[in-house]
J.: 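Dumping the structure here so I can ask a few things about it.
The basis for the numbers below is simple: all heavy atoms, side chains too, and nothing from hydrogens, waters or symmetry mates. Numbering of residues begins at 1 and proceeds along the displayed sequence.
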Amino acid sequence: MHMNFRKMTAAAAGAALLVAGLATGAFAQGHGEGRRGGPGFGPGGMGRGGFPLAGLDLTGTQRQQVRDVMERHRDDMRQAAERLREAHRAQREAVEAVPMNEGLIRSTSQALATAQTDVALVQARAHNEVWTLLTPEQQAKAKELKAEREKRMQERRERMQQRRQPR
């Protein structure tokens with residue numbers, strides 16, 4: 001369970017960077033793979049869980065509209081990501097406190113869940129606004145690319161599980 005909180009915090013930090021990057025125009029330019037070594041994390045990408053913009057042949061107008069959407073959500077995402085980091089830190093400290101304080105663990109865990117929800121809502125708002133900018137053909141292509149990405153991720157998980165099994 002502790003690992004899930006770390007992953008969510010990392011995702012929130014990445015999402016905050018994503019929003020900042022999109023707002024500056026580094027993203028949505030259709031330049032292919034991202035700076036972090038994979039599709040969806042740099043120019044042309046929406047980030048984990050989003051849809052890759054590079055493969056959608058956005059028009060110049062659409063690219064500008066995407067930048068505008070991300071600019072509108074940038075501050076909200078940064079604030080939500082910071083609240084998430086703080087909530088995760090507080091929960092981790094509560095878990096590590098001696099003597100154990102169940103009430104504090106419960107309250108910080110609830111605050112963490114609220115912060116995770118806030119991040120998800122900001123991401124969903126931006127995603128939905130960008131989605132409405134796409135043509136039906138681009139939306140269909142985005143769904144296709146997402147399905148392909150999910151298939152590759154599943155195959156990768158299966159390979160990792162096979163490597164971990166004792167021989």
J.: Is the closest basic N to carboxylate O distance between K141 and E137 below 4.0 Å?
T.: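 So K141 does not pair with E137 through a salt bridge.
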J.: I would like to know whether R163 and M160 meet side chain to side chain contact (heavy atoms under 4.5 Å, CB included); could you show each step before the answer?
T.: CA-CA 5 Å; R163 290 180 191 155; M160 292 300 289; 3.4 Å; yes
J.: What about L112 and L104, same hydrophobic cluster or not, with Ile/Leu/Val/Met/Phe/Trp/Tyr joined at side-chain heavy-atom distances under 4.5 Å?
T.: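 No.
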J.: Which value, rounded to the nearest 0.5 Å, describes the distance between L133 atom CG and Q139 atom CD?
T.: 9.5 Å
J.: Can you find a pair of side-chain heavy atoms, one from E71 and one from R67, that are under 4.5 Å apart?
T.: no
J.: Apply side chain to side chain contact (heavy atoms under 4.5 Å, CB included) to residues R83 and T114 and explain how you reach the verdict.
T.: CA-CA 9 Å; R83 287 191 305 271; T114 298; over 6 Å; no
J.: Please test V130 against H127 for side chain to side chain contact (heavy atoms under 4.5 Å, CB included), starting from the C-alpha separation and ending with a verdict.
T.: CA-CA 5 Å; V130 170; H127 183 273; 6.0 Å; no
J.: Atom CZ of R78 and atom CG of D76: how far apart are they, to the nearest 0.5 Å?
T.: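 With rounding to 0.5 Å, CZ (R78) is 11.5 Å from CG (D76).
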J.: For a side-chain hydrogen bond (donor to acceptor under 3.5 Å, both in side chains) with Q154, tell me which candidate from K151, R152, E158 qualifies.
T.: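 It is E158, the one option of K151, R152, E158 that forms the side-chain hydrogen bond (donor to acceptor under 3.5 Å, both in side chains) with Q154.
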J.: In the structure I gave you, are the side-chain heavy atoms of M77 and V119 within less than 4.5 Å of one another anywhere?
T.: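 M77 reaches V119 side chain to side chain.
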J.: Distance check, rounded to the nearest 0.5 Å: L56 atom CG versus R63 atom CZ?
T.: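 Output value for this atom pair is 11.5 Å.
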J.: Just so I know, are the side chains of V122 and D118 near enough to count as touching, which here means a heavy-atom distance under 4.5 Å?
T.: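 Side-chain contact under 4.5 Å: no.
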J.: What do the steps show when you test E102 against R106 for salt bridge (Lys or Arg N to Asp or Glu O under 4.0 Å), and what is the final call?
T.: CA-CA 6 Å; E102 184 174 335; R106 288 183 183 279; 2.9 Å; yes
J.: Does a side-chain N-to-carboxylate-O contact under 4.0 Å join R89 and E93?
T.: yes
J.: Do you know which of R72, Q64, Q65 makes side-chain hydrogen bond (donor to acceptor under 3.5 Å, both in side chains) with D68?
T.: Q64
J.: Does R85 come within less than 4.0 Å of E82, counting only side-chain N to carboxylate O?
T.: yes
J.: Measure the NE2-CD distance between H88 and Q116 for me, rounded to the nearest 0.5 Å.
T.: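 The distance works out to 8.5 Å.
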J.: Distance from T108 atom OG1 to E86 atom CD, nearest 0.5 Å?
T.: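 Separation between the atoms: 11.0 Å.
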J.: Taking all atoms of both residues into account, what is the closest heavy-atom pair of L134 and Q62, and its distance?
T.: CA-NE2, 3.8 Å
J.: Could you state the interatomic distance from CD (E96) to CD (Q91), rounded to the nearest 0.5 Å?
T.: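 Between atom CD of E96 and atom CD of Q91 there are 9.5 Å.
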